[in-house]
Structure formats: C-alpha cells, structure tokens
Amino acid sequence: MTKTAQGLGYNESQKNLSARIEAHKRFSSFSLEDWLETRLPGAKGGLILDIGCGNGNLFPAYLKKLNGGGGIVGVDKSRELLLQARKAAAGFTPLLLQWDMNNRLPFLENTFDRAIAAFSIYYADDAEAVINDIKGVLKPGGEVFLIGPTENNAKELYEFNKKVFGLDYAMDEKAALRSSRLEKEFYPAVKNIFGAAEKEIIPCKLKFPDKSEFIRYYTATLLFEETREKTGIDPSREKIDSVRLGSWDISKEMVVVRGNKHA
C-alpha cells in the first residue's frame, strides 16, 4: 500500500485558482490545452472523467476530443468550484459531482474511456487505492492521464516564500510532499496496477513581465496560504514588495503519467 500522511487536501478558493490559471495562460511557455490537443487520444461518443475538475477550465479541450459526441463527468471536493464549472460549461451539460478523493469513485465499473487528473491527484492520501479505483471505472482499453508538478517545480517561489516569512526552510512540508508524489508514488502505482506506465517530463517556465504579476501569482498559491496558516503570520504587501529576487521567472517542471487498461 502506498499511503502517505493524512491531511494533504485543501479547500481551494475560486479567486486564487482563477488567478493562477490566468497567469499560466498569459505567461507560461507551455500550454496544457495545446498538449491535450496533440497528445490526448480522441474519445468520440465516449465519456471523459475529469478528476479534480476545479472550475472546468479544461472542459473545452476535452470537448474537442469528444468531437460532438459523448460527455464529460467532473468531480471535485469544492462546491464553489463546481458552481463555477457549471457556469463555464456553456453550450453543453457536464455531469458534476462533489467528491473527496479519499472516497471511492461513485461510478459503475467499465464506464469511462479516459480519466484525467490535472494538478489534483496528489491531494489523495492513498495512491494505490485511488489508482485501483480509477482502473475499475475505466473501460477495457481506457486510459488514465495524471498531470502535475515534479520536485523541481517552482523552486524560485519557495525561496521567495522563505524570505517573505523569515523561515529557516524554503518549502512547506505539505507542498514538498505533493510536488514529489506523482513520480515517487503514483507512477509506481500506475505501473503496478495497470501492468505498465509511461512517464513524460515537461519543462516549462512562467515568465512574468514584472514583480507585481509575480506577487499576484505568489499570493494566490497554496504555498502562501498554507505557510500563512501554519505560521500565523500575515505578511503585509509592503513586506512582500520588499523581498528581492534576481529574476521573476518561475520554473514549472511538470510530469505526465499515463496508463492503459488493456482489454
């Protein structure tokens, strides 16, 4: 069993998630939507399961893969984000369910053609349990795609956080664990449970035009929110503005883990 420490989940706010999504669209050297367009196999007439769908920002990319048929099912812990996903789903009606990753998926076996977890699966406590669950709800020949950070993700952001809060460590313990889990826990779990797995490392940078945009992104991260909660310190904007870095670029290395449920 690959079970990590409890309490990795977090109730994400719509405001912060939207700020980060906007920053990635404007300043990232990599487009996840473009990657999905070229690398995600089509599923015309099928069903796509979006695990941790958030505000539904990737629904348009999945719709292209359905090519006018089939449907999307989105699950997320946050009711607030699901309401936003409903509003974002103009022109089609996805099935949206409030669901915690530490519970069993509420679907019949052999239901979905694709299961995709973009920047979400590492909040689950038990990697093997959730991967077993995903395999069960996939049809024979169905595929799972897990997308998220690597250990090399956002090192500059952690150094900035250390200076803002005056800490002896750069990375919050939970953030460090989440950043390593796709490679250290989920990749081996997919390989073991599906019989094989593929792993692709994607280099990426966020290149902010100025310090203001960098800070806007930083204060919308879970790193900032969780460090603030953990320390009880609420740094002023003046304090954050006073911290210096040599560059306002952030390395955003990602990994994609892929498994196929063979017929």
Side-chain angles (χ1 to χ4, degrees), residues 10-40 48 50-65 72 74 76-78 80-82 84-85 87-90 116-123 145-161 171-172 174-176 178-183 200-227 240 245 247-258:
Y10 193 87
N11 291 322
E12 177 75 285
S13 75
Q14 165 64 20
K15 178 182 177 182
N16 285 347
L17 179 61
S18 295
R20 297 201 309 275
I21 290 172
E22 179 187 355
H24 278 270
K25 287 181 177 179
R26 294 174 63 194
F27 308 127
S28 178
S29 63
F30 170 82
S31 168
L32 180 54
E33 289 84 353
D34 289 347
W35 187 93
L36 291 168
E37 175 72 24
T38 58
R39 303 298 294 276
L40 183 67
I48 293 177
D50 188 347
I51 300 171
C53 66
N55 64 2
N57 63 297
L58 292 177
F59 286 174
Y62 301 150
L63 277 175
K64 291 181 181 180
K65 293 300 175 178
I72 297 170
D76 201 281
K77 181 180 179 180
S78 169
E80 178 190 16
L81 293 178
L82 288 172
Q84 292 297 318
K87 293 178 182 178
I116 307 160
F119 297 91
S120 62
I121 200 72
Y122 41 79
Y123 291 109
F145 292 82
L146 311 179
I147 305 166
T150 73
E151 283 186 297
N152 296 322
N153 180 68
K155 293 290 188 182
E156 302 88 346
L157 205 62
Y158 296 119
E159 288 300 324
F160 189 80
N161 191 62
M171 185 181 287
D172 178 80
K174 287 184 179 180
R178 292 189 194 113
S179 293
S180 66
R181 292 192 74 205
L182 274 183
E183 290 186 276
E200 178 182 356
I201 302 296
I202 302 173
C204 173
K205 274 190 178 292
L206 280 174
K207 300 180 72 68
F208 295 99
D210 53 46
K211 186 176 184 178
S212 176
E213 291 290 355
F214 176 95
I215 291 175
R216 182 168 180 258
Y217 182 84
Y218 164 67
T219 55
T221 62
L222 269 63
L223 174 67
F224 176 74
E225 290 294 336
E226 289 183 328
T227 308
I240 298 173
L245 281 180
S247 168
W248 303 119
D249 294 349
I250 300 175
S251 301
K252 296 290 289 182
E253 187 176 84
M254 296 179 292
V255 60
V256 179
V257 175
R258 178 177 180 176

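Contact check for Phe119 versus Met254: side-chain heavy atoms found under the 4.5 Å cut-off. Looking at heavy atoms from C-beta onward, Asn55 lies out of side-chain contact with Ser78 at the 4.5 angstrom threshold. Within the 4.5 Å cutoff, the side chain of Ile250 has heavy atoms near those of the Phe208 side chain. At a threshold of 4.5 Å between non-hydrogen side-chain atoms, the residues Glu200 and Arg258 do not count as touching. Side chains of Leu36 and Leu32 form a contact here, defined as non-hydrogen atoms less than 4.5 Å apart.
The aromatic rings of Trp35 and Phe145 stand perpendicular to each other, their planes meeting at an angle above 60°, with 30° marking the opposite boundary.
Panel note: side chain Gln84, backbone Gly56; no donor-acceptor pair is recorded below 3.5 Å. Although no hydrogens or angles enter the test, the distance criterion places no donor-acceptor pair under 3.5 Å between the side chain of Arg216 and the main chain of Ala19. A side-chain donor-acceptor contact under 3.5 Å links Thr221 to the backbone of Tyr218. Proximity of a side-chain donor or acceptor of Lys65 to a complementary backbone N or O of Leu40 within less than 3.5 Å is detected.
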Subject >> Stepwise side chain to side chain contact (heavy atoms under 4.5 Å, CB included) check, Arg20 with Leu17 >> reply: CA-CA 5 Å; Arg20 297 201 309 275; Leu17 179 61; 3.8 Å; yes
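Between the CG atom in Leu81 and the CG atom in Asn57 there is a gap of 10.0 Å [rounded to 0.5 Å]. Rounding to the nearest 0.5 Å places OH of Tyr122 at 7.5 Å from OG of Ser179. Expressed to the nearest 0.5 Å, how far CG of Leu206 lies from CZ of Phe30 amounts to 12.0 Å. To the nearest 0.5 Å, the span separating CD1 on Ile121 from CG on Leu182 amounts to 8.5 Å. The CG atom of Asn153 sits 4.0 Å away from atom NZ of Lys252, with the distance rounded to the nearest 0.5 Å. Note that the CD1 atom of Ile72 and the CZ atom of Phe59 stand 6.0 Å from one another [nearest 0.5 Å].
The two residues Glu226 and Arg178 have their closest heavy-atom pair at OE2-NH2, 2.7 Å. The two residues Ala85 and Gly54 have their closest heavy-atom pair at CB-O, 3.7 Å. Residues Leu82 and Cys53 share a closest heavy-atom pair of CD2-SG, 3.7 Å. Residues Phe224 and Ile240 approach most closely at CE1-CD1, 4.1 Å, considering heavy atoms. Nearest heavy-atom pair across Ala118 and Leu58 is CB-CD1, 3.7 Å.
Aromatic ring centroids of Phe27 and Tyr217 lie 6.0 Å or more apart.
Results of the salt bridge (charged side-chain N to carboxylate O under 4.0 Å, His left out) test with Asp249 over Lys207, Lys155, Lys211, Lys205 single out Lys207 as the only residue that passes.
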